[in-house]
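Okay, structure first, notes after.
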Amino acid sequence: MSRYSERVFPHLMNKVMDTAQTRHVRAEVCAGLAGDVVEIGFGTGHNLPYLPSTVTRVRAVEPLGVGVRLAADRIAASPVPVEISGLDGQALPFEDESADMVLCTWSLCSIPDPEKAVREMARVLRPGGAVHFAEHGLAPDVGVVRWQRRVNPVQRVLAAGCHLDRDVPGILTRGGLEVKQVDHRYEKGVPRAIGSLFTGIAVRP
């Protein structure tokens with residue numbers, strides 16, 4: 001991991017991912033979470049204010065230590081206990097069937113092997129447990145996809161490995177989950193190639 005990814009990008013992410021639009025998406029995706037939640041890509045803790053009172057614990061997985069440090073005030077203010085519990089979404093340090101739900105926002109795009117990460121989510125979920133997600137992904141419009149492919153090389157450098165054109169529903173399905181709900185939108189105020197967003201819920205059968 002580069003020095004930029006480790007030390008500079010978390011500060012950039014802390015600002016860019018805290019807008020009126022991302023806050024709306026976080027509130028939408030966090031609704032309905034309950035019990036023991038594993039969060040993949042905890043980042044700087046932007047989801048914490050939107051966790052419902054039904055959540056009893058968050059086990060946070062985040063590879064960037066600077067991001068966790070930037071989250072200190074949000075962690076301190078959270079009524080939900082937060083445990084920084086892992087560094088790699090592809091190898092979760094949790095027992096099988098030990099989580100009620102998983103939360104994953106803007107993270108599958110940058111994990112080197114996203115299907116492996118989803119298989120890990122399925123492993124730690126109890127049967128019937130749900131993954132709530134919001135992820136950049138492959139646009140449904142051919143013209144936008146062409147731009148996603150053009151922009152990807154720069155995006156991966158500037159956004160610490162982020163891929164704009166991953167097939168989010170397909171990754172979740174191939175990872176062993178059943179997609180129960182999925183919605184697509186283009187985020188306002190950004191180019192469509194960058195703002196193609198999937199939100200929804202997938203469950204472990």
Side-chain angles (χ1 to χ4, degrees), residues 13-62 67 70-71 73-75 77-82 89 99-111 114 117-118 121-122 125 128-141 144 148 159 162-173 175 177-204:
M13 176 179 63
N14 193 40
K15 297 293 185 183
V16 172
M17 298 307 295
D18 187 22
T19 65
Q21 188 164 205
T22 60
R23 289 192 289 271
H24 175 80
V25 171
R26 293 180 194 281
E28 174 187 322
V29 172
C30 288
L33 289 171
D36 192 325
V37 175
V38 170
E39 181 171 0
I40 308 298
F42 178 74
T44 58
H46 284 307
N47 287 325
L48 290 177
Y50 304 99
L51 297 178
S53 60
T54 46
V55 175
T56 57
R57 176 174 67 158
V58 172
R59 287 182 280 169
V61 178
E62 173 54 50
L70 291 171
D73 288 345
R74 295 185 185 100
I75 293 173
S78 174
V80 178
V82 178
D100 296 303
M101 293 186 169
V102 171
L103 174 61
C104 189
T105 56
W106 290 284
S107 297
L108 286 177
C109 58
S110 58
I111 293 175
V118 174
M121 295 179 203
L125 275 172
V131 176
H132 289 219
F133 64 89
E135 297 290 344
H136 285 136
L138 185 68
D141 303 295
V144 178
Q148 287 182 315
C162 172
H163 294 71
L164 296 169
D165 61 347
R166 286 182 168 171
D167 174 13
V168 174
I171 288 169
L172 292 165
T173 300
L177 298 175
E178 183 178 345
V179 178
K180 289 291 189 180
Q181 174 186 326
V182 63
D183 297 299
H184 177 267
R185 75 194 73 178
Y186 289 111
E187 296 176 273
K188 296 177 182 178
V190 297
R192 286 190 164 194
I194 297 173
S196 176
L197 184 71
F198 290 85
T199 59
I201 297 172
V203 300
R204 175 185 168 178

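- Panel note: side chain Asp100, backbone Asp36; a donor-acceptor pair is recorded below 3.5 Å.
- Proximity of His46 to Thr22: side-chain heavy atoms (C-beta onward) are nowhere separated by under 4.5 Å.
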Please determine whether side-chain contact (heavy atoms from CB on, under 4.5 Å) holds for the pair Val55 and Met101, giving the CA-CA distance in whole Å, both sets of side-chain angles, and the decisive distance to 0.1 Å. CA-CA 9 Å; Val55 175; Met101 293 186 169; over 6 Å; no

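- Nearest heavy-atom pair across Arg204 and Ala122 is CD-O, 3.3 Å.
- A donor-acceptor pair under 3.5 Å is absent between the side-chain atoms of Arg192 and the main chain of Tyr186, judged by distance alone.
- You'll find the side chain of Ile111 reaches within 4.5 Å of the side chain of Ile40, heavy atoms only.
- Residues passing the ring-ring contact (aromatic ring centres under 6.0 Å, His included) test with His24, sequence neighbours excluded: none.
- In terms of the side-chain hydrogen bond (donor to acceptor under 3.5 Å, both in side chains) criterion, Asp73 has no residue partners (sequence neighbours excluded).
- Scanning all heavy atoms of the two residues, the minimum distance from Thr56 to Val80 falls at C-CG1, 4.1 Å.
- Nearest heavy-atom pair across Glu135 and Val168 is CB-CG2, 3.8 Å.
- Residues Ala117 and Leu108 approach most closely at CB-CD2, 4.5 Å, considering heavy atoms.
- Proximity of a side-chain donor or acceptor of Arg23 to a complementary backbone N or O of Asp18 within less than 3.5 Å is detected.
- Note that the CG atom of Asp183 and the CD atom of Glu28 stand 7.0 Å from one another [nearest 0.5 Å].
- Atoms CD1 and CZ, from Ile171 and Arg166 in turn, are 6.0 Å apart once rounded to the nearest 0.5 Å.
- Contact record, Pro52 with Cys30: CD-O, 3.4 Å, taken as the closest heavy-atom pair.
- Under 4.0 Å is where a charged nitrogen must lie from a carboxylate oxygen, and between Lys180 and Glu178 at least one such pair does.
- Leu103 is listed as a side-chain neighbour of Leu51, based on a closest heavy-atom distance under 4.5 Å.
- The backbone N or O of Leu33 sits less than 3.5 Å from a side-chain atom of Thr54, completing a donor-acceptor pair.
- Looking at Phe133 and Val182, their side chains come closer than 4.5 Å, going by heavy atoms from C-beta outward.
- Looking at heavy atoms from C-beta onward, Arg185 lies in side-chain contact with Thr199 at the 4.5 angstrom threshold.
- Here the closest non-hydrogen pair linking Gln148 and Ser196 is NE2-CB, 3.7 Å.
- When atom types are taken as modelled, the side chain of Glu39 and the backbone of Ala60 share no donor-acceptor pair closer than 3.5 angstrom.
- The CD1 atom of Ile194 lies 13.0 Å from the CG atom of Leu197; values are rounded to the nearest 0.5 Å.
- Among residues two or more places apart in sequence or in another chain, the salt bridge (Lys or Arg N to Asp or Glu O under 4.0 Å) test is passed with Arg26 by none.
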